Amino acid sequence: MDITLVQETPFRFRIERQDPMRVPGVVFATRELLPQATGDKALEQVANVAALPGIVRASYAMPDVHWGYGFPIGGVAATDIDAGGVISPGGVGFDISCGVRLLAAGIDRDPLAPRMRRLMDILGDTVPRGLGPGGLWKLSGRRQLEELMVAGAAYAVEHGRGVPRDLERCEDGGTLAGADPSQVGQRAVDRGLRQVGSLGSANHFLEVQAVDRVYDDRTAAAFGLHPGQVCVMIHCGSRGLGHQVCSDHVKVMDQSLRAYGIQLPDRQLACAPAVSVPGRDYLGAMAAAANYARANRQLLTEAARHAFAVAAGAELDLVYDVSHNMAKIETHDVDGVPLQLCVHRKGATRALPPGHRELPDDLAEAGQPILVPGTMGTASYVMAGTAGNDAFWSSAHGAGRVWSRHQALRRVRGEELCEQLESHGVAVRPASWRALAEEAPDAYKDVDAVAAATEAGQLARLVARLVPLGVVKG
DNA sequence: ATGTAC
(Lines give C-alpha, C1' and ligand atoms only; values in the text may rest on other atoms or scores of the structure.)
Protein backbone atom coordinates (compact mmCIF):
# COMPACT_ATOMS: atom_id res chain seq x y z
CA MET A 1 0.00 0.00 0.00
CA ASP A 2 1.38 3.42 -0.96
CA ILE A 3 0.39 5.74 1.84
CA THR A 4 -0.51 9.42 1.68
CA LEU A 5 0.74 11.33 4.71
CA VAL A 6 -0.82 14.70 5.57
CA GLN A 7 0.59 16.94 8.29
CA GLU A 8 -2.24 18.20 10.51
CA THR A 9 -0.16 19.99 13.17
CA PRO A 10 3.58 20.12 13.88
CA PHE A 11 3.08 17.04 16.06
CA ARG A 12 0.36 15.06 14.30
CA PHE A 13 0.04 13.46 10.85
CA ARG A 14 -2.86 11.71 9.13
CA ILE A 15 -2.60 8.73 6.80
CA GLU A 16 -5.46 9.17 4.31
CA ARG A 17 -7.91 6.28 4.22
CA GLN A 18 -7.82 4.18 1.07
CA ASP A 19 -8.93 0.61 0.40
CA PRO A 20 -8.60 -1.73 2.20
CA MET A 21 -8.24 0.68 5.17
CA ARG A 22 -11.50 1.05 7.15
CA VAL A 23 -10.31 4.12 9.08
CA PRO A 24 -7.49 6.65 8.62
CA GLY A 25 -4.13 6.45 10.36
CA VAL A 26 -2.99 9.02 12.93
CA VAL A 27 0.71 9.43 13.68
CA PHE A 28 1.83 11.48 16.68
CA ALA A 29 5.33 12.65 15.75
CA THR A 30 7.45 15.46 14.46
CA ARG A 31 8.75 15.29 10.90
CA GLU A 32 12.18 14.31 12.30
CA LEU A 33 10.74 11.40 14.29
CA LEU A 34 8.80 9.87 11.39
CA PRO A 35 10.10 6.35 10.75
CA GLN A 36 10.11 6.92 6.97
CA ALA A 37 13.23 9.04 7.36
CA THR A 38 15.21 5.85 7.97
CA GLY A 39 13.52 3.62 5.40
CA ASP A 40 11.47 1.93 8.11
CA LYS A 41 8.13 0.51 6.89
CA ALA A 42 6.23 1.21 10.12
CA LEU A 43 3.75 3.66 8.57
CA GLU A 44 2.74 1.08 5.95
CA GLN A 45 2.04 -1.17 8.93
CA VAL A 46 -0.10 1.57 10.52
CA ALA A 47 -2.13 1.59 7.28
CA ASN A 48 -2.36 -2.23 7.25
CA VAL A 49 -3.71 -2.24 10.82
CA ALA A 50 -6.43 0.19 9.69
CA ALA A 51 -7.85 -2.68 7.61
CA LEU A 52 -8.64 -4.89 10.64
CA PRO A 53 -12.31 -5.92 10.99
CA GLY A 54 -14.14 -3.76 13.53
CA ILE A 55 -11.44 -1.11 13.95
CA VAL A 56 -12.86 2.22 15.10
CA ARG A 57 -11.75 5.86 14.82
CA ALA A 58 -8.18 5.39 13.60
CA SER A 59 -5.04 3.27 13.58
CA TYR A 60 -2.64 5.20 15.82
CA ALA A 61 1.13 5.48 16.02
CA MET A 62 3.03 6.91 18.98
CA PRO A 63 6.13 9.14 18.53
CA ASP A 64 8.47 6.16 19.07
CA VAL A 65 6.83 4.07 16.34
CA HIS A 66 9.01 1.66 14.35
CA TRP A 67 8.68 -1.57 12.38
CA GLY A 68 7.42 -4.72 14.11
CA TYR A 69 5.75 -8.09 13.48
CA GLY A 70 2.47 -7.25 11.69
CA PHE A 71 1.62 -4.23 13.84
CA PRO A 72 4.25 -1.52 14.24
CA ILE A 73 5.85 -1.18 17.66
CA GLY A 74 4.27 2.00 19.00
CA GLY A 75 0.90 1.09 17.47
CA VAL A 76 -2.57 1.42 19.02
CA ALA A 77 -5.76 -0.01 17.54
CA ALA A 78 -9.23 -0.49 19.06
CA THR A 79 -11.88 -2.79 17.63
CA ASP A 80 -15.63 -2.83 18.43
CA ILE A 81 -16.17 -6.30 19.86
CA ASP A 82 -19.94 -6.17 19.30
CA ALA A 83 -19.39 -5.46 15.60
CA GLY A 84 -17.05 -8.31 14.72
CA GLY A 85 -14.03 -6.54 16.14
CA VAL A 86 -10.94 -8.74 16.23
CA ILE A 87 -8.13 -9.55 18.61
CA SER A 88 -4.73 -9.94 16.93
CA PRO A 89 -1.76 -11.47 18.79
CA GLY A 90 0.55 -9.43 16.56
CA GLY A 91 -1.10 -6.33 18.03
CA VAL A 92 0.09 -7.35 21.47
CA GLY A 93 3.54 -8.53 20.52
CA PHE A 94 5.60 -11.62 21.21
CA ASP A 95 6.59 -10.36 24.64
CA ILE A 96 3.14 -10.35 26.24
CA SER A 97 2.75 -7.72 28.99
CA CYS A 98 6.31 -6.58 28.59
CA GLY A 99 6.43 -3.48 30.71
CA VAL A 100 8.24 -1.18 33.06
CA ARG A 101 8.19 -0.61 36.77
CA LEU A 102 9.79 2.28 38.61
CA LEU A 103 10.94 2.13 42.22
CA ALA A 104 11.81 5.18 44.29
CA ALA A 105 14.77 4.70 46.64
CA GLY A 106 14.99 6.18 50.12
CA ILE A 107 18.40 7.64 49.26
CA ASP A 108 19.77 10.43 47.01
CA ARG A 109 22.55 10.09 44.46
CA ASP A 110 25.29 11.86 46.47
CA PRO A 111 25.10 9.67 49.58
CA LEU A 112 24.79 6.60 47.36
CA ALA A 113 27.89 7.44 45.29
CA PRO A 114 30.49 5.77 47.56
CA ARG A 115 28.34 2.62 47.72
CA MET A 116 27.47 2.50 44.05
CA ARG A 117 30.14 -0.02 43.07
CA ARG A 118 29.10 -2.48 45.75
CA LEU A 119 25.47 -2.01 44.82
CA MET A 120 26.15 -2.71 41.13
CA ASP A 121 28.27 -5.76 41.99
CA ILE A 122 25.46 -7.26 44.06
CA LEU A 123 22.89 -6.51 41.36
CA GLY A 124 25.23 -7.96 38.74
CA ASP A 125 25.62 -11.14 40.79
CA THR A 126 21.96 -11.63 41.70
CA VAL A 127 19.82 -10.49 38.76
CA PRO A 128 19.34 -13.40 36.30
CA ARG A 129 19.59 -12.23 32.70
CA GLY A 130 20.40 -13.19 29.14
CA LEU A 131 18.88 -15.81 26.89
CA GLY A 132 17.81 -19.20 28.13
CA PRO A 133 16.78 -20.63 31.49
CA GLY A 134 17.60 -19.40 34.98
CA GLY A 135 15.36 -17.37 37.28
CA LEU A 136 15.00 -16.33 40.91
CA TRP A 137 12.30 -18.96 41.43
CA LYS A 138 12.21 -22.59 40.42
CA LEU A 139 8.62 -23.72 40.14
CA SER A 140 7.66 -27.24 41.12
CA GLY A 141 5.54 -27.90 38.06
CA ARG A 142 2.58 -26.94 35.92
CA ARG A 143 0.19 -26.71 38.88
CA GLN A 144 2.25 -24.05 40.66
CA LEU A 145 2.84 -22.15 37.43
CA GLU A 146 -0.92 -22.11 36.82
CA GLU A 147 -1.50 -20.48 40.20
CA LEU A 148 1.09 -17.85 39.30
CA MET A 149 -0.51 -17.28 35.88
CA VAL A 150 -3.90 -16.68 37.54
CA ALA A 151 -2.72 -14.30 40.28
CA GLY A 152 0.29 -12.51 38.76
CA ALA A 153 2.22 -10.16 41.03
CA ALA A 154 -0.25 -10.98 43.82
CA TYR A 155 1.02 -14.58 43.75
CA ALA A 156 4.55 -13.36 44.41
CA VAL A 157 3.40 -11.05 47.21
CA GLU A 158 1.31 -13.85 48.78
CA HIS A 159 4.51 -15.88 48.89
CA GLY A 160 6.44 -13.18 50.71
CA ARG A 161 8.01 -11.47 47.70
CA GLY A 162 6.89 -7.92 48.28
CA VAL A 163 4.37 -5.97 50.32
CA PRO A 164 0.64 -5.40 49.74
CA ARG A 165 1.26 -1.75 48.85
CA ASP A 166 3.20 -2.94 45.80
CA LEU A 167 -0.02 -4.30 44.34
CA GLU A 168 -1.82 -0.97 44.77
CA ARG A 169 0.78 0.54 42.46
CA CYS A 170 0.48 -2.11 39.76
CA GLU A 171 -1.80 -1.81 36.76
CA ASP A 172 -4.82 -4.07 37.48
CA GLY A 173 -3.59 -4.49 41.06
CA GLY A 174 -0.93 -6.84 39.69
CA THR A 175 -3.50 -9.42 38.55
CA LEU A 176 -5.07 -9.33 35.09
CA ALA A 177 -8.51 -10.95 35.27
CA GLY A 178 -9.59 -13.64 32.83
CA ALA A 179 -6.43 -15.73 32.76
CA ASP A 180 -7.05 -19.20 31.34
CA PRO A 181 -3.99 -21.38 31.95
CA SER A 182 -5.60 -24.25 30.02
CA GLN A 183 -4.90 -22.23 26.85
CA VAL A 184 -1.19 -22.05 27.63
CA GLY A 185 0.39 -24.98 25.83
CA GLN A 186 2.78 -27.45 27.41
CA ARG A 187 5.72 -26.10 25.46
CA ALA A 188 5.07 -22.58 26.81
CA VAL A 189 4.77 -24.01 30.31
CA ASP A 190 8.04 -25.91 29.97
CA ARG A 191 9.82 -22.74 28.91
CA GLY A 192 8.18 -20.70 31.67
CA LEU A 193 8.96 -23.03 34.56
CA ARG A 194 12.63 -22.10 34.67
CA GLN A 195 12.50 -18.37 33.88
CA VAL A 196 10.38 -16.75 36.60
CA GLY A 197 12.39 -13.87 38.00
CA SER A 198 14.70 -13.13 35.07
CA LEU A 199 15.28 -10.11 32.85
CA GLY A 200 15.76 -11.83 29.52
CA SER A 201 17.75 -10.27 26.73
CA ALA A 202 17.62 -7.53 24.07
CA ASN A 203 16.27 -4.21 25.38
CA HIS A 204 15.44 -5.54 28.85
CA PHE A 205 17.31 -4.08 31.79
CA LEU A 206 17.39 -3.14 35.43
CA GLU A 207 18.76 0.37 35.79
CA VAL A 208 19.79 2.50 38.76
CA GLN A 209 18.86 6.10 37.94
CA ALA A 210 18.68 9.54 39.53
CA VAL A 211 16.02 12.23 39.16
CA ASP A 212 17.76 14.85 37.04
CA ARG A 213 14.91 17.30 36.62
CA VAL A 214 11.34 17.76 37.82
CA TYR A 215 8.85 19.51 35.51
CA ASP A 216 5.85 19.40 37.86
CA ASP A 217 6.59 19.48 41.61
CA ARG A 218 3.09 18.57 42.69
CA THR A 219 2.77 15.51 40.46
CA ALA A 220 6.34 14.40 41.15
CA ALA A 221 5.57 14.57 44.87
CA ALA A 222 2.42 12.51 44.34
CA PHE A 223 4.59 9.90 42.57
CA GLY A 224 7.12 10.06 45.44
CA LEU A 225 9.92 11.66 43.38
CA HIS A 226 12.22 14.63 44.08
CA PRO A 227 15.37 16.04 42.41
CA GLY A 228 18.51 14.03 43.16
CA GLN A 229 16.57 10.97 44.28
CA VAL A 230 17.76 7.52 43.27
CA CYS A 231 15.34 5.25 41.41
CA VAL A 232 15.35 1.75 39.97
CA MET A 233 13.70 1.07 36.62
CA ILE A 234 12.96 -2.52 35.59
CA HIS A 235 12.03 -3.40 32.00
CA CYS A 236 11.12 -7.01 31.24
CA GLY A 237 8.28 -9.26 30.17
CA SER A 238 7.01 -12.82 29.93
CA ARG A 239 10.17 -14.44 28.52
CA GLY A 240 9.87 -17.69 26.57
CA LEU A 241 6.39 -18.38 27.94
CA GLY A 242 4.84 -15.29 26.35
CA HIS A 243 6.76 -15.86 23.15
CA GLN A 244 5.46 -19.42 22.87
CA VAL A 245 1.88 -18.35 23.65
CA CYS A 246 2.05 -15.77 20.86
CA SER A 247 3.52 -18.25 18.37
CA ASP A 248 0.96 -20.94 19.19
CA HIS A 249 -2.08 -18.68 18.90
CA VAL A 250 -0.88 -16.84 15.79
CA LYS A 251 -0.77 -20.24 14.10
CA VAL A 252 -4.31 -21.11 15.19
CA MET A 253 -5.67 -17.76 14.04
CA ASP A 254 -3.85 -17.88 10.74
CA GLN A 255 -5.65 -21.15 10.05
CA SER A 256 -9.05 -19.79 11.12
CA LEU A 257 -9.00 -16.63 8.97
CA ARG A 258 -10.93 -18.26 6.15
CA ALA A 259 -13.61 -19.60 8.49
CA TYR A 260 -14.35 -16.08 9.72
CA GLY A 261 -14.13 -14.54 6.24
CA ILE A 262 -11.28 -12.25 7.26
CA GLN A 263 -9.05 -10.79 4.55
CA LEU A 264 -5.85 -9.03 5.56
CA PRO A 265 -3.15 -7.04 3.77
CA ASP A 266 -0.49 -8.90 5.81
CA ARG A 267 -0.72 -12.43 7.22
CA GLN A 268 1.22 -11.29 10.27
CA LEU A 269 -1.98 -9.49 11.32
CA ALA A 270 -3.61 -12.90 11.88
CA CYS A 271 -6.65 -12.37 14.11
CA ALA A 272 -10.09 -13.63 15.06
CA PRO A 273 -13.24 -11.97 16.39
CA ALA A 274 -12.67 -11.16 20.07
CA VAL A 275 -15.84 -13.09 20.97
CA SER A 276 -14.97 -16.17 18.87
CA VAL A 277 -13.48 -19.38 20.27
CA PRO A 278 -9.93 -18.67 19.01
CA GLY A 279 -10.31 -15.04 20.13
CA ARG A 280 -11.37 -15.99 23.65
CA ASP A 281 -8.75 -18.73 23.84
CA TYR A 282 -6.00 -16.26 22.98
CA LEU A 283 -7.30 -13.61 25.40
CA GLY A 284 -7.26 -16.21 28.21
CA ALA A 285 -3.73 -17.31 27.34
CA MET A 286 -2.62 -13.70 26.94
CA ALA A 287 -3.89 -12.82 30.43
CA ALA A 288 -2.05 -15.84 31.85
CA ALA A 289 1.19 -14.75 30.18
CA ALA A 290 0.58 -11.17 31.35
CA ASN A 291 0.33 -12.35 34.92
CA TYR A 292 3.60 -14.26 34.46
CA ALA A 293 5.26 -11.01 33.33
CA ARG A 294 3.89 -9.15 36.34
CA ALA A 295 5.09 -11.80 38.78
CA ASN A 296 8.44 -11.65 37.01
CA ARG A 297 8.79 -7.91 37.63
CA GLN A 298 7.71 -8.40 41.24
CA LEU A 299 10.46 -10.96 41.86
CA LEU A 300 13.12 -8.78 40.25
CA THR A 301 11.95 -5.96 42.51
CA GLU A 302 12.79 -8.11 45.50
CA ALA A 303 16.30 -8.73 44.13
CA ALA A 304 16.77 -4.96 43.79
CA ARG A 305 15.44 -4.41 47.32
CA HIS A 306 17.89 -6.95 48.71
CA ALA A 307 20.81 -5.27 46.94
CA PHE A 308 19.82 -1.80 48.15
CA ALA A 309 19.34 -3.04 51.71
CA VAL A 310 22.78 -4.68 51.82
CA ALA A 311 24.78 -2.04 49.93
CA ALA A 312 23.03 1.17 50.95
CA GLY A 313 20.64 0.45 53.81
CA ALA A 314 17.90 1.96 51.66
CA GLU A 315 14.37 0.87 50.84
CA LEU A 316 12.59 0.90 47.48
CA ASP A 317 8.94 1.97 47.12
CA LEU A 318 7.01 1.07 44.00
CA VAL A 319 5.98 4.16 42.02
CA TYR A 320 4.10 2.24 39.32
CA ASP A 321 4.15 -0.88 37.15
CA VAL A 322 2.59 -0.67 33.69
CA SER A 323 2.62 -2.85 30.58
CA HIS A 324 3.24 -1.67 27.06
CA ASN A 325 2.40 -4.90 25.17
CA MET A 326 -1.25 -5.67 25.90
CA ALA A 327 -4.78 -5.89 24.57
CA LYS A 328 -7.58 -4.93 26.95
CA ILE A 329 -11.35 -4.84 26.79
CA GLU A 330 -12.23 -1.24 27.68
CA THR A 331 -15.24 1.06 27.30
CA HIS A 332 -14.64 4.24 25.31
CA ASP A 333 -16.94 6.81 23.72
CA VAL A 334 -16.82 6.65 19.93
CA ASP A 335 -18.84 9.40 18.25
CA GLY A 336 -20.65 9.94 21.55
CA VAL A 337 -21.58 6.27 21.99
CA PRO A 338 -19.94 4.11 24.69
CA LEU A 339 -18.57 0.96 23.04
CA GLN A 340 -16.84 -2.15 24.35
CA LEU A 341 -13.51 -2.09 22.58
CA CYS A 342 -10.56 -4.43 22.34
CA VAL A 343 -7.71 -1.93 22.67
CA HIS A 344 -4.39 -3.22 21.34
CA ARG A 345 -1.33 -1.41 22.65
CA LYS A 346 1.90 -2.75 21.21
CA GLY A 347 4.91 -0.79 22.36
CA ALA A 348 2.46 1.74 23.72
CA THR A 349 1.72 2.46 27.36
CA ARG A 350 -1.75 2.80 28.82
CA ALA A 351 -2.16 6.42 29.97
CA LEU A 352 -5.20 6.91 32.22
CA PRO A 353 -6.24 10.54 32.78
CA PRO A 354 -6.73 12.18 36.19
CA GLY A 355 -9.85 10.99 37.97
CA HIS A 356 -10.09 7.64 36.19
CA ARG A 357 -11.74 5.06 38.45
CA GLU A 358 -8.99 2.49 37.93
CA LEU A 359 -6.36 4.75 39.51
CA PRO A 360 -5.54 4.34 43.20
CA ASP A 361 -6.82 7.21 45.36
CA ASP A 362 -3.39 8.74 45.89
CA LEU A 363 -2.80 8.98 42.12
CA ALA A 364 -6.30 10.10 41.11
CA GLU A 365 -5.51 13.80 40.95
CA ALA A 366 -2.15 13.37 39.18
CA GLY A 367 -3.18 10.85 36.51
CA GLN A 368 -1.48 7.54 35.75
CA PRO A 369 2.32 7.44 35.85
CA ILE A 370 3.69 6.70 32.38
CA LEU A 371 7.19 5.24 32.24
CA VAL A 372 9.31 6.02 29.18
CA PRO A 373 12.71 4.32 29.30
CA GLY A 374 15.42 5.71 27.04
CA THR A 375 18.56 3.70 26.32
CA MET A 376 21.77 2.95 28.17
CA GLY A 377 23.52 6.27 28.59
CA THR A 378 20.51 8.46 27.84
CA ALA A 379 17.66 9.77 29.94
CA SER A 380 14.34 8.14 30.80
CA TYR A 381 11.11 10.01 31.50
CA VAL A 382 8.23 9.85 33.91
CA MET A 383 5.08 11.34 32.45
CA ALA A 384 1.42 11.51 33.53
CA GLY A 385 -1.87 10.78 31.81
CA THR A 386 -3.96 13.71 30.55
CA ALA A 387 -7.64 14.17 29.75
CA GLY A 388 -6.76 15.45 26.28
CA ASN A 389 -5.33 12.11 25.12
CA ASP A 390 -6.97 11.23 21.79
CA ALA A 391 -5.53 7.72 21.36
CA PHE A 392 -7.70 5.61 23.68
CA TRP A 393 -5.52 6.68 26.62
CA SER A 394 -2.23 5.49 25.18
CA SER A 395 1.23 7.01 25.05
CA ALA A 396 4.84 6.37 23.99
CA HIS A 397 6.74 3.54 25.66
CA GLY A 398 10.38 4.37 24.97
CA ALA A 399 12.84 5.82 22.51
CA GLY A 400 12.06 3.53 19.54
CA ARG A 401 14.65 1.83 17.35
CA VAL A 402 16.09 3.41 14.22
CA TRP A 403 18.77 0.80 13.45
CA SER A 404 17.94 -2.89 13.14
CA ARG A 405 19.85 -5.18 15.48
CA HIS A 406 21.89 -6.31 12.50
CA GLN A 407 22.82 -2.73 11.60
CA ALA A 408 23.76 -2.01 15.22
CA LEU A 409 26.06 -5.04 15.34
CA ARG A 410 27.86 -3.84 12.21
CA ARG A 411 28.43 -0.36 13.61
CA VAL A 412 29.04 -0.84 17.33
CA ARG A 413 31.43 -2.95 19.40
CA GLY A 414 30.12 -3.91 22.82
CA GLU A 415 33.46 -3.58 24.59
CA GLU A 416 33.98 -0.03 23.30
CA LEU A 417 30.45 0.98 24.21
CA CYS A 418 30.96 -0.36 27.72
CA GLU A 419 34.15 1.71 28.13
CA GLN A 420 32.37 4.82 26.85
CA LEU A 421 29.51 4.41 29.27
CA GLU A 422 31.82 3.75 32.23
CA SER A 423 33.88 6.85 31.34
CA HIS A 424 30.65 8.85 31.41
CA GLY A 425 29.91 7.60 34.90
CA VAL A 426 27.43 4.84 34.02
CA ALA A 427 28.32 1.47 35.58
CA VAL A 428 27.54 -1.44 33.23
CA ARG A 429 26.94 -5.09 34.08
CA PRO A 430 26.21 -6.66 30.67
CA ALA A 431 24.95 -10.15 29.87
CA SER A 432 26.99 -10.25 26.66
CA TRP A 433 28.99 -7.86 24.44
CA ARG A 434 26.76 -8.66 21.53
CA ALA A 435 23.52 -7.80 23.33
CA LEU A 436 25.15 -4.59 24.52
CA ALA A 437 26.12 -3.57 20.98
CA GLU A 438 22.61 -4.26 19.69
CA GLU A 439 21.22 -1.87 22.29
CA ALA A 440 23.66 0.99 21.69
CA PRO A 441 22.11 4.44 22.30
CA ASP A 442 22.83 5.37 18.67
CA ALA A 443 20.49 2.57 17.54
CA TYR A 444 17.54 4.50 18.98
CA LYS A 445 15.65 7.73 18.40
CA ASP A 446 16.40 10.70 20.65
CA VAL A 447 14.29 9.99 23.74
CA ASP A 448 14.26 13.68 24.67
CA ALA A 449 12.61 14.42 21.30
CA VAL A 450 10.17 11.54 21.77
CA ALA A 451 9.14 12.81 25.21
CA ALA A 452 8.75 16.37 23.91
CA ALA A 453 6.62 15.19 20.97
CA THR A 454 4.53 13.05 23.33
CA GLU A 455 3.71 16.11 25.39
CA ALA A 456 3.20 18.39 22.39
CA GLY A 457 0.83 15.85 20.84
CA GLN A 458 -1.19 15.93 24.09
CA LEU A 459 -0.67 12.22 24.73
CA ALA A 460 0.79 12.86 28.21
CA ARG A 461 2.63 15.52 30.19
CA LEU A 462 6.17 15.64 31.53
CA VAL A 463 6.75 14.99 35.24
CA ALA A 464 10.42 14.08 35.69
CA ARG A 465 13.60 13.28 33.78
CA LEU A 466 15.82 10.44 35.02
CA VAL A 467 19.47 9.83 34.18
CA PRO A 468 21.31 6.49 34.41
CA LEU A 469 23.88 5.71 37.10
CA GLY A 470 24.21 1.99 36.46
CA VAL A 471 22.67 -0.59 34.19
CA VAL A 472 22.24 -4.34 34.56
CA LYS A 473 21.67 -5.39 30.98
CA GLY A 474 19.83 -8.39 29.64
C1' DA B 1 10.78 -10.19 21.91
C1' DT B 2 12.89 -15.37 21.53
C1' DG B 3 16.41 -22.35 23.69
C1' DT B 4 17.27 -15.80 16.98
C1' DA B 5 13.38 -21.73 13.42
C1' DC B 6 9.28 -26.13 11.31
Side-chain angles (χ1 to χ4, degrees), chain A residues 40 42 45 64-75 88-100 128-135 138-139 184-206 234-255 267-270 282 285-286 288-290 292-294 296-297 300 323-327 344-349 373 375 397-410 414 431-439 443-444 473-474:
Chain A
D40 183 307
Q45 294 188 310
D64 51 335
V65 67
H66 59 107
W67 184 89
Y69 178 89
F71 275 58
I73 294 160
S88 173
V92 172
F94 276 81
D95 193 1
I96 294 166
S97 201
C98 181
V100 181
R129 57 195 186 279
L131 284 171
K138 283 196 180 60
L139 300 181
V184 176
Q186 191 57 42
R187 204 165 164 193
V189 166
D190 290 341
R191 293 177 72 171
L193 281 172
R194 296 177 298 166
Q195 296 183 320
V196 197
S198 66
L199 279 178
S201 186
N203 62 356
H204 292 156
F205 63 79
L206 184 154
I234 298 171
H235 177 209
C236 65
S238 48
R239 303 294 329 273
L241 183 142
H243 189 276
Q244 194 66 49
V245 164
C246 183
S247 301
D248 292 348
H249 287 263
V250 161
K251 191 179 294 179
V252 170
M253 288 193 183
D254 184 67
Q255 291 167 352
R267 266 180 87 174
Q268 292 185 350
L269 295 174
Y282 170 71
M286 181 203 73
Y292 183 96
R294 289 144 190 231
N296 194 22
R297 289 194 286 276
L300 290 164
S323 301
H324 50 232
N325 277 8
M326 280 298 297
H344 302 70
R345 298 186 182 91
K346 179 187 188 180
T349 303
T375 71
H397 87 307
R401 286 197 87 88
V402 287
W403 293 351
S404 69
R405 298 189 178 283
H406 188 70
Q407 285 174 310
L409 280 178
R410 279 206 318 248
S432 75
W433 296 126
R434 178 189 168 126
L436 205 65
E438 287 182 349
E439 293 300 317
Y444 283 84
K473 198 67 184 119

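Values in this document were obtained by computation on a predicted structure and should not be read as measured data. By convention in this document, chain letters (A, B, ...) are assigned in the order of the sequence lines, proteins followed by strands, and residues within each chain are numbered from 1.
- Ion pairing between a basic and an acidic side chain is recognised when a charged N comes within 4.0 Å of a carboxylate O; R267(A) and D254(A) show such pairing.
- Residue contacts shown for G93(A) are absent, as no nucleic acid heavy atom lies under 4.0 Å away.
- Between the NE2 atom of H243(A) and the P atom of dT4(B) there is a distance of 9 Å, rounded to whole Å.
- In this structure, the CD atom of E439(A) is 17 Å from the P atom of dT4(B), given to the nearest Å.
- The side chain of R434(A) has dT4(B) as its nearest neighbour among dT4(B), dC6(B), dT2(B).
- T375(A) is linked by a side chain to side chain donor-acceptor pair (under 3.5 Å) to T378(A), counting only residues two or more places apart in sequence or in another chain.
- Rounded to whole Å, atom C1' of dT2(B) lies 12 Å from atom CD1 of I96(A).
- Looking at heavy-atom distances under 4.0 Å, S247(A) makes no contact with the nucleic acid at all.
- The distance from atom NE2 of H406(A) to atom P of dT2(B) is 20 Å, rounded to the nearest whole Å.
- The aromatic rings of H235(A) and H204(A) sit perpendicular, their planes meeting at an angle over 60°, well past the 30° parallel limit.
- Looking at heavy-atom distances under 4.0 Å, E438(A) makes no contact with the nucleic acid at all.
- Remark: C1' of dT4(B) and OH of Y69(A) are 15 Å apart, rounded to the nearest angstrom.
- Taking atom CZ on R239(A) and atom P on dT2(B), their separation rounds to 5 Å, with Å as the unit.
- Atoms CG (D248(A)) and P (dC6(B)) sit 10 Å apart, rounded to a whole Å.
- Partners of Y292(A) by ring-ring contact (aromatic ring centres under 6.0 Å, His included), not counting sequence neighbours: none found.
- For R405(A) and dT4(B), the shortest distance from a side-chain N or O to OP1 or OP2 is not below 4.0 Å.
- The separation between D95(A) atom CG and dT2(B) atom P is 5 Å, rounded to whole Å.
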